[in-house]
2 protein chains.
Amino acid sequence: MPYDPSAFPPFAVTVDLVVLTVRRHALCALAVRRGEPPFQGRWALPGGFVRDDEDLSQAAARELAEETGLRAHGPAAPDQDNGAHLEQLATYGDPKRDPRMRVVSVAHLALAPDLPAPRAGGDASNARWAPVEELLQQGGYGRDGEPVAPLAFDHAQILADGVERARSKIEYSSLATAFCPTEFTVGELRRVYEAVWGVALDPRNFHRKVTGTPGFLVPTGGTTTRQGGRPAQLFRAGGATLLNPPMLRPEV
Amino acid sequence: MPYDPSAFPPFAVTVDLVVLTVRRHALCALAVRRGEPPFQGRWALPGGFVRDDEDLSQAAARELAEETGLRAHGPAAPDQDNGAHLEQLATYGDPKRDPRMRVVSVAHLALAPDLPAPRAGGDASNARWAPVEELLQQGGYGRDGEPVAPLAFDHAQILADGVERARSKIEYSSLATAFCPTEFTVGELRRVYEAVWGVALDPRNFHRKVTGTPGFLVPTGGTTTRQGGRPAQLFRAGGATLLNPPMLRPEV
DNA sequence: GATCATAGTCGTCTTCCTGACGATAAACAC
DNA sequence: GTGTTTATCGTCAGGAAGACGACTATGATC
């Protein structure tokens, strides 16, 4: 693949990942600790260089597998396996976003169920699920009272954009099911919405809405009591990807 | 800005523009004729290399100004001047999308009122507004009976994605006003929706909807009869950017 | 084992929004 | 004036959502 380097400025192209999940009623993102400068020791989004023969989505899927072990499927594919939803988010190319050189980062958004434990090259201390609220508060203090350093590079902005994308997209699509295991209850799905939006939803109206939307949920016949209380029906994600009319996010 | 070329594969980064407008009741996109290989003589989306000191949005705004003379304003800025709306669309990086070398293109979407005549370096024959329907039909025949060559590179895909973005975004935002001049009537705005969606809307329900949504339209006090018939009130775009509840796109 | 707490599920009622469509208003062409 | 075109207001029925009451089926507690 010959080219004339004088004809255009050379760029490094990376993919960065906003991997979201819901743990303990909170929206969490995967963060990895940087092992080398710049921003050594700081938390950052997982990511890496795009290889010479890779498409952008391939690179993102590869990084996702390396960091979490999750297989990815695109926005169009159904939620058959236990993989994560993966889609392109946006591209960030400020000339000064990386002090070393000109780097353009194609950010991707991944939504995963709670199950997997993070693994960054097998070193658990260098990867963690952190509440997005905690990752986004600049210069504040975490739950343990330790001062919180902001994310490396422009990753706070990328994370914020990814969270906003997720928040708006579960309104009009069935994407919230990507946060759930293969089989789940209406209540578990509702808790996903509540965690992502940070609001409380009326269980009765929510139940009516999701069970009344054709193609959204398919009953599996089983029930579970894992949430306590009366046994709940188990559902699988249906074929519908678009919700019409959408799920309404409460105002304030 | 030193870097080690062996540490990562070098990429060329370009911006491509999907510039949409509404002319004669049809959604049209700006196309330029390629003057050199590959795809010499074929129509393509305007675009170019990102410069070494430019942000991506700056590069897109520069290309837009070069091709159309339009000033751009971002998604957040109000529609004060006569500029065009400009936002990032998506990034395309298939390893084989450009036969010469590895090129990653950050596509942007611009929405402009009808006014400007295209100018590609002053040569009008090398730039034109074409109905998107015509640009997207692969291997068909245009209105003049001439065979239509598909757009260069993956630009048909990019254009299709841009059109889809515009179609969905005018549902829940006030973005349709970006297709209108500073002052416009309800009927003109309705014709924008009809052209972008390719459907007919009920004038009475549309009028009730847009005038009843707070912050969407601000009456200027003037009237016009430029559409014929009874004089219509003139409006300016209001401060509201999000439409809640959204404008509903008819099914079928 | 009765009681309680918890979560799930079904209904009702009111309100808001939309789609369908009738009716009137104000310009222009002839 | 008559007809045509576009704008604007009004009415009505149907659907969806928010608020909330009521009942059900578990496990936990006394």
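Per chain, numbering begins at 1; letters A, B, ... match sequence-line order.
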Subject >> Donor-acceptor under 3.5 Å (B:Arg236 side chain, B:Leu217 main chain) >> reply: no
**OP:** For the side chain of A:Arg208, starting at C-beta, report the closest nucleotide among D:dA16, C:dC13, D:dT8.
**Re:** C:dC13
**OP:** For the residue pair A:Leu234 and A:Thr224, establish whether any side-chain heavy-atom pair is separated by less than 4.5 Å.
**Re:** yes
Original post:
Would one find a side-chain N or O of A:Lys209 under 4.0 angstrom from OP1 or OP2 of D:dA16?
Top reply: no
**OP:** Give a yes-or-no answer on whether the side chains of B:Glu87 and B:His85 include a donor-acceptor pair shorter than 3.5 Å.
**Re:** yes
**OP:** State the CZ-CD distance between A:Phe179 and A:Glu188, to the nearest 0.5 angstrom.
**Re:** 14.5 Å
Original post:
In the 5'-to-3' direction, what one-character label does each nucleotide of nucleotides 24-30 of chain D receive under the scheme B = base within less than 4.0 Å of a protein heavy atom, S = sugar-phosphate only, - = no such atom?
Top reply: BBB----
**OP:** Kindly point out which of C:dG19, C:dG8, D:dT8 is positioned nearest to the side chain of B:Pro203?
**Re:** D:dT8
**OP:** Give the rounded distance in Å between these two atoms: CD of B:Gln227 and C1' of D:dT8.
**Re:** 16 Å
Original post:
Using a distance-only test with no angle check, is there a side-chain donor-acceptor pair under 3.5 angstrom linking A:Asp16 and A:Tyr92?
Top reply: no
Original post:
Side chain of A:Thr223, backbone of A:Pro231: donor and acceptor closer than 3.5 Å?
Top reply: no
Subject >> Rounded distance (Å) that lies between atom C1' of D:dA17 and atom CZ of A:Arg249 >> reply: 17 Å
**OP:** Kindly give the heavy-atom pair with the smallest separation between A:Leu159 and A:Val132, and that separation in Å.
**Re:** CD1-CG1, 4.2 Å
Subject >> Selected nucleotide, minimal atom distance to A:Arg204 side chain, candidates D:dG18, D:dT8, D:dA22 >> reply: D:dA22
**OP:** To the nearest Å, give me how far apart CG (B:Asp202) and P (D:dA7) are.
**Re:** 13 Å
**OP:** Determine, for B:Arg128 against B:Glu134, whether the closest basic-nitrogen to carboxylate-oxygen distance falls under 4.0 angstrom.
**Re:** yes
Subject >> Contacting residues from residues 211-222 of chain B, given that a heavy atom lies under 4.0 angstrom of DNA chain D >> reply: none
Subject >> Sugar-phosphate only, base, or nothing, as touched by A:Arg226 at under 4.0 Å among non-hydrogen atoms >> reply: nothing
**OP:** Starting from C1' on C:dG19, measure out to OH on B:Tyr193 and report it in whole angstrom.
**Re:** 17 Å
**OP:** Could you check how far NE2 of B:His207 sits from P of C:dG19, rounded to whole Å?
**Re:** 16 Å
**OP:** Mark yes or no for whether A:His108, through its side chain, and A:Val106, through its backbone, hold a donor-acceptor pair below 3.5 Å.
**Re:** yes
**OP:** Measure from CG on B:Leu248 to P on C:dT18 and round the result to the nearest Å.
**Re:** 6 Å
Subject >> Distance, rounded to the nearest Å, where A:Arg191 contributes CZ and C:dA7 contributes C1' >> reply: 8 Å
Original post:
Rounded to the nearest Å, what distance is computed from the CG atom of residue B:Leu234 to the P atom of nucleotide D:dA7?
Top reply: 11 Å
